[in-house]
Amino acid sequence: MQVTNHFSPAANYTGRFAPSPTGPLHMGSLVAAMASYLDAKAQHGRWLVRIEDLDFDRNVAGADQQILHSLQRCGMQWDGEVVWQSRRQALYAAALEQLGTQVYPCACSRKEIADSLLRSGATAGTAASQIYPGTCRHGLATGKTPRAWRLRVPDGDAAVFRFIDRLCGPQVQNLASEVGDFVLKRADGFWAYQLAVVVDDAAQGITHVVRGADLLDSTARQMYLQQLLGLPVPRYLHVPVVTNADGEKLSKQTGALAFDRGDNDLLHEALIPAAHFLGLVIGDHIATIPAFWHAATFAWQRKLAQAGQPDPHLAPHGSA
């Protein structure tokens, strides 16, 4: 079982919001941005913005600037300079090299992986059908060429990672039985999310990660990478994701609409509904965006206290 190497409770708070520029922000994005912003403000910390634009095939021209403008229209001002992952690829290459023999080339296509798992008895669509079977772990078959680069996960007790999510409570995942060796550099040449986010969080001094619960399953993989690279482990908090009428996560792929139309009432049409989705109790008398953030920060502190997972250095809002 792995023991996490969390930042000291006395460390200064630095959080972040890291959207992908695949289109304008929708309500699901706003919920994640709001939670990370409130957590930083409640602890008098820094709040950074990082544009995660490594999936070049899905990036939309101008979406990054549209995202930044929407955050400002909502009254969310970031600290320091915005960074773009596409400008930081040398850092990911250095991390991959540092991992050495823990990383190996993989020649398998998605279809080959799926076929191999089905032959081994896994049922299509189940969690087991998503676990890489280790086909290339001990070397490429004759005539095969590398498509991607994978990270070996440990076996036995070393594969079990435990952590306490500040909202969701205790979590545990066995990387060997639930994930398998995972990709760090994709077949299309793009850097995988897991490696890039770990490298960037460390480089930016992120102490607290607040994001959607759809990424809760990624946390153990990121902790393993942090361990191998000798990096500190942030504290994690995952909030519920917004879904559509069909129960699907709200996203650009499922037709989510932008919450910011440029001239609409963001306070009543976006900010207050997002706060209510997060379970924040705020009064109906709020008339301005600054007043909203003041009330929402208090409500966020109450929510964490009720969840029983307050941060050890949470300072009362309004204190020095």
Side-chain angles (χ1 to χ4, degrees), residues 1-9 11 14-16 18 32 35-36 39 52 92 95-96 98-104 106 113 117 122 126-134 137 148-186 191-241 304 307-312:
M1 181 179 71
Q2 299 300 313
V3 178
T4 61
N5 177 32
H6 287 301
F7 282 92
S8 164
T14 301
R16 48 76 165 175
S36 65
D39 203 54
E52 298 197 335
Y92 315 140
L96 190 73
Q98 182 181 341
L99 290 168
T101 57
Q102 295 290 339
V103 178
Y104 65 89
C106 176
I113 295 171
L117 290 167
T126 64
S129 69
Q130 308 301 314
I131 300 172
Y132 181 66
R137 201 175 215 228
W149 293 86
R150 290 184 180 272
L151 180 68
R152 303 174 193 274
V153 300
D155 298 314
D157 289 345
V160 180
F161 283 77
R162 301 177 185 273
F163 69 99
I164 297 178
D165 185 279
R166 294 173 49 222
L167 185 62
C168 302
Q171 305 293 317
V172 59
Q173 186 178 62
N174 186 312
L175 288 181
S177 63
E178 299 178 57
V179 177
D181 298 346
F182 56 95
V183 171
L184 299 185
K185 193 171 187 181
R186 294 164 24 182
W191 294 102
Y193 165 77
Q194 307 295 355
L195 179 65
V197 72
V198 163
V199 170
D200 284 333
D201 281 347
Q204 294 185 279
I206 302 301
T207 62
H208 292 67
V209 172
V210 178
R211 59 190 182 185
D214 55 316
L215 293 170
L216 182 60
D217 183 65
S218 292
T219 307
R221 276 171 277 182
Q222 292 167 17
M223 289 169 59
Y224 180 47
L225 276 167
Q226 288 154 354
Q227 172 188 307
L228 292 178
L229 293 168
L231 304 175
V233 180
R235 299 203 70 201
Y236 289 96
L237 186 155
H238 293 82
V239 296
V241 296
L304 292 188
Q309 301 294 341
D311 196 87

Looking at every heavy atom in both [X] and [Y], which two are closest together, and how far apart are they?
{"X": "Ala95", "Y": "Leu195", "result": "CB-CD1, 4.0 Å"}
{"X": "Ala159", "Y": "Pro154", "result": "CB-O, 3.2 Å"}
{"X": "Val239", "Y": "Ala35", "result": "CG1-CB, 3.8 Å"}
{"X": "Ala176", "Y": "Asp155", "result": "CB-OD1, 4.3 Å"}

Evaluate side-chain contact (heavy atoms from CB on, under 4.5 Å) for Val199 paired with Trp191, printing each intermediate quantity in order.
CA-CA 11 Å; Val199 170; Trp191 294 102; over 6 Å; no
Please identify each residue that fulfils side-chain hydrogen bond (donor to acceptor under 3.5 Å, both in side chains) with [X], with sequence neighbours left out.
{"X": "Arg16", "result": "Asp201"}
{"X": "Asp217", "result": "Gln173, Arg221"}
{"X": "Gln226", "result": "Tyr236"}

Is the shortest side-chain heavy-atom distance between [X] and [Y] below 4.5 Å?
{"X": "Arg162", "Y": "Pro170", "result": "no"}
{"X": "Val183", "Y": "Tyr132", "result": "no"}
{"X": "Tyr224", "Y": "Leu151", "result": "yes"}
{"X": "Arg211", "Y": "Thr219", "result": "yes"}
{"X": "Glu52", "Y": "Asp200", "result": "no"}
{"X": "Gln222", "Y": "Val197", "result": "yes"}
{"X": "Val209", "Y": "Leu215", "result": "no"}
{"X": "Leu304", "Y": "Arg166", "result": "yes"}

Tell me if a side-chain donor or acceptor on [X] pairs with a main-chain N or O of [Y] at a distance below 3.5 Å.
{"X": "Arg150", "Y": "Cys106", "value": "no"}
{"X": "Arg137", "Y": "Arg152", "value": "no"}
{"X": "Thr207", "Y": "Thr14", "value": "yes"}

Find the distance between [atom1] ([X]) and [atom2] ([Y]) and round it off to the nearest 0.5 Å.
{"X": "His238", "Y": "Asp214", "atom1": "NE2", "atom2": "CG", "value": "8.0 Å"}
{"X": "Leu225", "Y": "Gln98", "atom1": "CG", "atom2": "CD", "value": "10.5 Å"}
{"X": "Leu231", "Y": "Ile206", "atom1": "CG", "atom2": "CD1", "value": "13.0 Å"}
{"X": "Leu184", "Y": "Gln102", "atom1": "CG", "atom2": "CD", "value": "10.5 Å"}
{"X": "Leu216", "Y": "Leu237", "atom1": "CG", "atom2": "CG", "value": "10.0 Å"}
{"X": "Asp181", "Y": "Trp149", "atom1": "CG", "atom2": "CH2", "value": "14.0 Å"}

